[in-house]
Amino acid sequence: MAKPFLAFLRFSFISLYPEMKHLSNLFKESFYSVYKYTGTVEEFPVTFCSGEFNEDYTFVLFPWVKKLSLSPLQIGNELGEQLITGNKIKSYSIVKGFFNFSLTDEFWIQQNYLFNHDALEVRIKLNTEPKKYLIEYCSPNTNKPLHLGHIRNILLGWSIYKIFKSLGHQVETSQIVNDRGVAICKSMLAWLKYSNGLTPEQAGIKADHFVGEYYVLFETKFKEEYDAWQSGEIANQIFNQNNKEEDTRDSFFKKYKNEYFNKYSILGKEVRDMLLAWERNDPETISLWKKMNSWVYEGFDKTFQKLGVSFDHYYYESQTYLLGKDIVQSGLDNKVFYKMEDGSVWIDLEDIHLDKKIILRSDGTSVYITQDLGTARLRHQKHAADQYIYVVADEQEYHFKVLFEILKRLKEPYAQGLFHLAYGMVDLPEGKMKSREGTVVDADDLIGEVISEATKTAVERGEIAALTEAEQLSICSKIGMAALKYFILKVSAKKRMIFNPKESVDMQGHTGPYIVNAYVRIKSILRKSECKNKQVVPEQIAIEERNLIKQLLYYPDVLMDSAKTLDPSHLANYLYTLAKDFHKYYHDFRILKAETENLTQWRLLLCGNISRVLFHGMDCLGISMPERM
RNA sequence: GGUCCCGUAGCUCAAUUGGAUAGAGCAACUGCCUUCUAAGCAGUAGGUUACACGUUCGAACCGUGUCGGGAUCACCA
């Protein structure tokens, strides 16, 4: 079970928002006046009434049976009479231990009106104590283009950013770019050896893909070299001496690959030499490194732009990989760390089941976690945020547990505000994505596909044929992106998900375009009408309308829930439900040609409110919607 | 082996955090466009919530055990 992001909210199932809290208060007050029972509002949770009972909300009586030594029926009736007499509710019915009740028409009219104007944003921020957040997401390597895994990371990070911002927090985003190391050197070396100085522009290939191709080329050449080597004398000796597990020749050499790279490979030696040259600031190597990285960034920026995300701060591993040694020293001074005879530095976390962990190598160089200790401190010095959220796949859960624990033991002042949004990895229907087997889904390809699929559908329907080409393009790309983003964000962030490329381009059913369609339908109605934004008193209020308003009232709680669990999927699923309820309402009720003008105005008001919530919610998912489709 | 996560309809996912008869979408089948955009609506069919005990008014959810799947436990990043 994932720990709740804000632990103090864990047991608070009472809405913090006035309209919903009002309901709990009703019961709190009734319990006092009927039974002289005083309690906190948290003891009186109110939930939605199940659809089959035709009432608005439900209060569960079971817990009170023991406390009051009365039957559910008696409690329900006594409460019900009291509430009805006070004109607090319109009706109630008791089914088993459930007290189902409906609110008065006045309440719903008032709410539908109140939800109008800019009130939405104000209401959402009502319960926020503004804090400063820094959200780190994406963290790409610069040797190849972004893929599906990055997309999930990016969409989650961005959505969390939007959600916290809409709740009224001060939020900034950052990205740490893994711009150094063996991987980028492989791309560099391959380019140097085989490209004849070709540039992405000359090749007509998106620049990050261009660099990625040289990475692949390196791996191909390396494999050729390795395969040839395997039939040689040295390989034979190694196989005969070291194959203790009685593997086949193939599987033995598969495992031996890393060692070959480090010990025997010519290409491997060249790469390591290049890395050393980079580390001693060799001008030619640095300039090549800068050139190839700049190509990659140019490509990344285009992808970020298509995804509609941005970053406030960039950190580069090349500038941070030496950080953290001062922390190591202070950790030794405080006896949080200890030194082995060979000079390596360790921390013992076995008391909390986290093993012993190396902090500094025996040769004094840093490891992954050393850097992260250093960057954590650096970031706090620069940004002084209250909370730091790392959006990183759950395969690194252990790493972050260790990291956070170390920082706590070092008594770093920001240590309590560190969170790891550990999202699940993305699998394909065939299984894991493996770059070696070429099954990685490329980000740009995927984006291109969903947009072309959206365009195909739009052309078939012909609804937007009259618009200019630029407008059509904009609409189609919005719809395509809505499909892709929603497809990923609707599943719980913490769960591993299976990504079926075929289904990701679906435009019907539980999809982004379905929600966009609801919004577009409302916009179309609003274009054809005049909504006077007045508080009208309709002749009658349908249960469907009460239900829609009820959903709208619930929205701020959903946002808050997504924030506290760091999981936009709650919001995504809520928006689907709202859109679904609207689609049905739209089908069953005439809005422009309602029975009376009063009703038309009432319904227009409601539709406008729905469109505002849809827009706001989709915006919080990082999805922007067109006005027509 | 230690630690952590997961197991819900043929498939992909929900379930207002312990509530009522476990819901959607996809795939299959059937209806609805002279009516505010059919990327829609309505319907049929599909379930021993992996399994077994336990906790209580009530369990997919909490506890114990079993079985399956995954991640992680580097002087890699």
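Below, chain A is the first sequence line, B the second, and so on; all start at residue 1.
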>> Strictly by Watson-Crick or wobble contacts shorter than 3.5 Å, is anything paired with B:G31, and which nucleotide is it?
In response: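 When the pairing criteria are applied, B:C41 turns out to be the nucleotide that pairs with B:G31.
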> Considering Watson-Crick and G-U wobble pairs with both distances under 3.5 Å, what does B:A9 pair with?
Replying inline: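 B:A9 is paired with nothing.
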>> Rounded to whole Å, how long is the line connecting atom CE of A:Met497 with atom C1' of B:G25?
In response: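 Going from A:Met497 (CE) to B:G25 (C1'), I get 14 Å.
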>> Rounding to an integer number of Å, can you tell me how far A:Lys339 NZ sits from B:C75 P?
In response: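 About 18 Å, once rounded to whole Å.
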Kindly say if [X] contacts the phosphate of [N], meaning a side-chain N or O under 4.0 Å from OP1 or OP2.
{"X": "A:Lys356", "N": "B:C73", "value": "no"}
{"X": "A:Lys490", "N": "B:A24", "value": "no"}
{"X": "A:Lys96", "N": "B:U21", "value": "yes"}
{"X": "A:Thr511", "N": "B:G25", "value": "no"}
{"X": "A:Tyr514", "N": "B:C41", "value": "yes"}
{"X": "A:Arg180", "N": "B:C76", "value": "no"}
{"X": "A:Lys495", "N": "B:C13", "value": "no"}
{"X": "A:Ser524", "N": "B:U37", "value": "yes"}

When rounded to the nearest Å, what value does the distance between [atom1] atoms of [N] and [M] take?
{"N": "B:C13", "M": "B:U17", "atom1": "P", "value": "24 Å"}
{"N": "B:A42", "M": "B:G10", "atom1": "C1'", "value": "24 Å"}
{"N": "B:A45", "M": "B:G31", "atom1": "C1'", "value": "15 Å"}
{"N": "B:A14", "M": "B:U49", "atom1": "C1'", "value": "13 Å"}
{"N": "B:U21", "M": "B:A59", "atom1": "C1'", "value": "16 Å"}
{"N": "B:C62", "M": "B:U72", "atom1": "P", "value": "25 Å"}
{"N": "B:G47", "M": "B:G7", "atom1": "C1'", "value": "15 Å"}
{"N": "B:A27", "M": "B:U48", "atom1": "P", "value": "24 Å"}

Could you list the protein-to-nucleotides 68-71 of chain B atom pairs, N/O on both sides, closer than 3.5 Å?
{"unit_1": "B:G70", "atom_1": "O2'", "unit_2": "A:Arg496", "atom_2": "NH1", "d": "3.2"}
{"unit_1": "B:A71", "atom_1": "OP1", "unit_2": "A:Lys432", "atom_2": "NZ", "d": "3.3"}

>> Let me confirm one number: the CG-OG distance from A:Asn143 to A:Ser187, rounded to the nearest 0.5 Å.
In response: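 Here the interatomic distance stands at 5.0 Å.
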> How long is the span from the CD atom in A:Gln472 to the CD atom in A:Glu463, to the nearest 0.5 Å?
Replying inline: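 Interatomic distance, A:Gln472 CD to A:Glu463 CD, rounded to 0.5 Å: 12.0 Å.
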Determine whether a donor-acceptor pair (one donor, one acceptor, N or O, separation below 3.5 Å) exists between the side chain of [X] and the base of [N].
{"X": "A:Ser362", "N": "B:C75", "result": "yes"}
{"X": "A:Thr58", "N": "B:A20", "result": "yes"}
{"X": "A:Asn100", "N": "B:A20", "result": "yes"}

>> As a test of understanding, state which of A:Phe101, A:Trp64, A:Tyr57 forms a ring pair (Phe, Tyr, Trp, His ring centres under 6.0 Å) with A:Phe27.
In response: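 Going through A:Phe101, A:Trp64, A:Tyr57 one by one, the ring pair (Phe, Tyr, Trp, His ring centres under 6.0 Å) with A:Phe27 is satisfied by A:Phe101 alone.
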>> My understanding is that only one of A:Tyr576, A:Tyr514, A:Phe499 makes a ring pair (Phe, Tyr, Trp, His ring centres under 6.0 Å) with A:Phe487; could you say which?
In response: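 Result for ring pair (Phe, Tyr, Trp, His ring centres under 6.0 Å) with A:Phe487: A:Phe499.
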Each nucleotide N or O in nucleotides 56-61 of chain B that has a protein N or O under 3.5 Å away: list the pair and distance.
{"unit_1": "B:C57", "atom_1": "OP1", "unit_2": "A:Lys66", "atom_2": "NZ", "d": "2.9"}

> 5'-most contact on RNA chain B: A:Leu354 or A:Glu52, nearest heavy atom basis?
Replying inline: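 With A:Leu354 and A:Glu52 compared, the 5'-side residue is A:Leu354.
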> Of A:Met507 and A:Phe48, whose nearest nucleotide on RNA chain B comes first from the 5' end?
Replying inline: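 Whichever sits nearer the 5' end wins; that is A:Phe48.
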Examine [X] together with [Y] and report whether their ring centres are nearer than 6.0 Å.
{"X": "A:Phe582", "Y": "A:Tyr586", "result": "yes"}
{"X": "A:Phe53", "Y": "A:Phe98", "result": "no"}
{"X": "A:Tyr92", "Y": "A:Phe59", "result": "no"}
{"X": "A:Tyr321", "Y": "A:Trp278", "result": "yes"}

> Reckon A:Val520 touches a base, only the sugar-phosphate, or nothing at all at heavy-atom distances under 4.0 Å?
Replying inline: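 Base, at least one base atom sits under 4.0 Å.
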> Which atoms form the tightest heavy-atom contact between A:Pro140 and A:His150, and what is the distance?
Replying inline: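 Answer, listing the atom of A:Pro140 first, then A:His150: CA-NE2, 3.9 Å.
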> Can A:Asp394 and A:Met425 be said to form a side-chain contact (heavy atoms from CB on, under 4.5 Å), step by step?
Replying inline: CA-CA 7 Å; A:Asp394 65 2; A:Met425 307 281 283; 3.9 Å; yes
